[in-house]
Amino acid sequence: MLTLKAITENTEEVLRKLAVKHFDGKEIIGKIIELDVQRRTSQSALDANLATINTLSRSVGQLMKEGKKEEAEALRTQVTETKENNKYLEASMKGAEEEMQNLLVLIPNTPHESVPEGRHAEDNVTERTGGSIPELPEDALPHWDLAKKYDLIDFEMGVKITGAGFPVYKGKGARLQRALINFFLDCAREQGYLEIEPPYMVNAASGYGTGQLPDKEGQMYHDTVDDYYLIPTAEVPVTNIYRDVILDEKDLPVKNTAYSACFRREAGSYGKDVRGLNRLHQFNKVEIVRIDTPEHSYKSLEEMVNYVQSLVDKLELPWRILRLCGGDMSFTSALTFDFEVFSAAQKRWLEVSSVSNFESYQANRLKCRYRDANRKTQLCHTLNGSALALPRIVAALLENNQTPEGIRIPKALIPYTGFDIID
RNA sequence: GGAGAGAUGCUCGAGUGGCUGAAGAGGCACGCCUGGAAAGCGUGUAAACGACUAAAUCGUUUCGCGGGUUCGAAUCCCGCUUUCUCCGCCA
């Protein structure tokens, strides 16, 4: 969430930036500022009261020691009376605090200055493109047909075992999953990312920490017996490692990578968008996460974008990078670049990665701070990106590399698959 | 799942109702000493919020978390979480 400081000190700027995300924050921010005043007034009064009580209580002890019973008794009643007022002040302070918190989490992150205007996906700006789109024959097959032809993925079996969106990978289809995961993890490690294997379920506190709660409650699978959530991305458990942590500036940027299965309910999508591997309830993904200083975080973001680009290049896929417009950005992000690869038989671009700088928005909720050169604690900036999500990469690989002999595996991947063609 | 024992600052560890935000030790930082270093000596070493815009200062809160008792709680009571040991079960 946004810091109270930013809201109270730069109100106009915050409102202007929120407008880029098409969020009208005027009313809610006015209310927050009001509550902040109430909170501070109550706290000042309460603190003064508590100070009196502390002083008096010490005197009671002193008087008791000296045997001055009656005087002690008198002070005692005085304290009891003073305490009466505390209940009211405390309720006022805590009430304001809580109400303020509830409002703060409803405000999205402010976008970076470079975020383009726009409401929809069509308004995103293409940053750059790479690779070449293959010329496929007329009878080229979409990946769901290829998956069936070569017996790589069984969607119907997944329906039988669980439900729609839970595919079963078989044979070379399964091995391709394993190969891609290992390939992505090795590449990240070579770039200095520490590999993490996190839990796939998190508690509510972690969900709040990264902003999935309360905003996207319905997108996560929720185990109500133990109140755990299945992770929609490894970002959640990995970033929460740094919840309530004060890092040393010399240890920044922190660079972590993690593979995990990801679980998303994705309610209400139908048609070609969800056909085959295009959208699933369970899928594999390797994530990269960084914690950095405010001064360096955009440099980090650039490095991450370049890194993801190197991955799609190694996989020889045609790609493009989009700078998301205000309306298409996520709630918590300040600047996001989406990576899309072209799936040549479906003839459409598929999003395979989203790389974002959250600035201090997540860190504020996480209380993830660092000690700067002056030994002062400051909020970190958090960043993350997919590197990469597997299903749509597989879709593009299958479709783009189909030949009459079979499906060719890109050279960089062959050491990981152990085969160079699917036939 | 059953029984027992714990949870104190960066770490170890003392502390069973009253100037205890917390002894002592270690670590770390700075200073003195030294040709340089070690040793030695000295000083410092939590966070959040408020007073106030910042520094200094002062106040409040925090000894796993949440309640309660009390004039006063790290210390007493209740609930929860969690760690360890033993038993059971299990990949």
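Order of the sequence lines sets the chain letters (A, B, ...), proteins ahead of strands, with each chain counted from 1. Predicted model only: the values in this text are computed from it and were never measured.
Using atom P as the reference point in both B:G2 and B:C80, the two lie 12 Å apart (nearest Å). Distance check on atom C1': B:G18 versus B:C58 gives 23 Å, rounded to whole Å. Across the P atoms, B:U70 and B:C77 are found 16 Å apart, a figure rounded to whole Å. Across the C1' atoms, B:G13 and B:G24 are found 8 Å apart, a figure rounded to whole Å. Across the P atoms, B:U20 and B:U11 are found 24 Å apart, a figure rounded to whole Å. For the C1' atoms, the distance from B:U8 to B:A51 is 30 Å, rounded to whole Å. Nucleotides B:A46 and B:C10 have their C1' atoms positioned 9 Å apart, rounded to a whole Å. B:G59 and B:G66: their P atoms are spaced 24 Å apart (whole Å).
For B:A48, one of the phosphate oxygens OP1 or OP2 lies less than 4.0 angstrom from a side-chain nitrogen or oxygen of A:Arg369. Between B:G72 and A:Lys83, a contact under 4.0 Å exists linking OP1 or OP2 to a side-chain N or O. Of the side-chain N and O atoms in A:Asn54, none sit less than 4.0 angstrom from OP1 or OP2 of B:G59. When the side-chain nitrogen and oxygen atoms of A:Ser44 are compared with OP1 and OP2 of B:C49, none of them lie within a distance under 4.0 Å. The side chain of A:Arg76 places no N or O atom within less than 4.0 Å of a non-bridging phosphate oxygen (OP1 or OP2) of B:G72. Using a 4.0 Å cut-off, no side-chain N or O of A:Arg40 falls inside it from OP1 or OP2 of B:C52.
Using the Watson-Crick or G-U wobble rule with both distances under 3.5 Å, B:U81 pairs with B:A7. Figure legend. B:G31 is base-paired to B:C41; pairs are counted as Watson-Crick or G-U wobble with both atom distances under 3.5 Å. Across every strand in view, B:A46 sits in a pair with B:U62 that passes the Watson-Crick or G-U test at under 3.5 angstrom. Pairing partner, B:U75: none, since no Watson-Crick or wobble contact has both distances short of 3.5 Å. In this structure B:G1 sits in a base pair with B:C87, meeting the Watson-Crick or G-U test at under 3.5 Å. The pairing partner recorded for B:G36 is none, the criterion being a Watson-Crick or G-U wobble arrangement whose two distances lie under 3.5 angstrom. Pairing of B:A55, defined by two Watson-Crick or G-U wobble distances under 3.5 Å, is not identified with any nucleotide.
Taking the side chain of A:Arg58 as heavy atoms from C-beta on, and the options B:C19, B:U61, B:C49, the nearest nucleotide is B:C19. Distances from the side chain of A:Ser57 to the nucleotides B:G18, B:G59, B:G50 place B:G18 closest. Comparing B:G50, B:A47, B:G67 against the side chain of A:Arg371 picks out B:A47 as the nearest.
If you measure from atom CD of A:Glu73 to atom P of B:G72, you get 13 Å, rounded to the nearest angstrom. As a whole-Å value, the separation of A:Leu4 CG from B:A48 P is 15 Å. Residue A:Leu56 contributes atom CG, which lies 9 Å from atom C1' of B:C71 at whole-angstrom precision. One interatomic measurement links the two molecules: CG of A:Asp47 to P of B:C49, which rounds to 13 Å at whole-angstrom precision. Computed from coordinates, the A:Gln43 CD to B:U62 C1' distance equals 13 Å when rounded to whole Å. Put simply, CD on A:Gln101 is 13 Å from C1' on B:A48, counting in whole angstrom units. As a whole-Å value, the separation of A:Asp226 CG from B:U82 P is 10 Å. Atom C1' of nucleotide B:C49 and atom NZ of A:Lys367 are separated by 12 Å, given to the nearest angstrom.
With rounding to the nearest 0.5 angstrom, the CG atom of A:Asn384 is 4.5 Å from the CD atom of A:Glu287. To the nearest 0.5 Å, atom CG of residue A:Leu46 and atom CG of residue A:Leu89 are 5.5 Å apart.
A donor-acceptor contact shorter than 3.5 Å is absent between the side chain of A:Lys26 and the backbone of A:Leu15. Judged by distance alone, the side chain of A:Asp292 and the main-chain N or O of A:His381 form no donor-acceptor pair under 3.5 Å.
Sequence order on RNA chain B of the closest nucleotides to A:Lys376 and A:Leu46 puts A:Lys376 first from the 5' end. The residue among A:Gly61 and A:Ala51 whose nearest nucleotide of RNA chain B is located toward the 5' end is A:Gly61.
Residues A:Leu18 and A:Asp24 fail the side-chain proximity criterion, which asks for heavy atoms closer than 4.5 Å.
Nucleic acid contact class of A:Leu50 (heavy atoms, under 4.0 Å, all strands): sugar-phosphate only. As judged by a 4.0 angstrom heavy-atom cut-off over every strand, A:Val79 is placed among residues touching the sugar-phosphate backbone only. Among the heavy atoms of the strands lying under 4.0 Å from A:Thr377 are primed sugar atoms or P, OP1, OP2 only; no base atom is included.
Of all the heavy atoms in A:Leu213 and A:Tyr208, the pair that sits closest is O-CD2, 3.4 Å.
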- [ ] Give the C-alpha distance, both sets of side-chain angles, the deciding distance and a yes or no for salt bridge (charged side-chain N to carboxylate O under 4.0 Å, His left out) between A:Glu302 and A:Arg290.
- [x] CA-CA 12 Å; A:Glu302 190 188 327; A:Arg290 286 204 193 197; over 6 Å; no
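Relative to the six-membered ring of A:Tyr150, A:Lys172 misses at least one condition, a distance below 6.0 Å or an angle of at most 45° to the axis.
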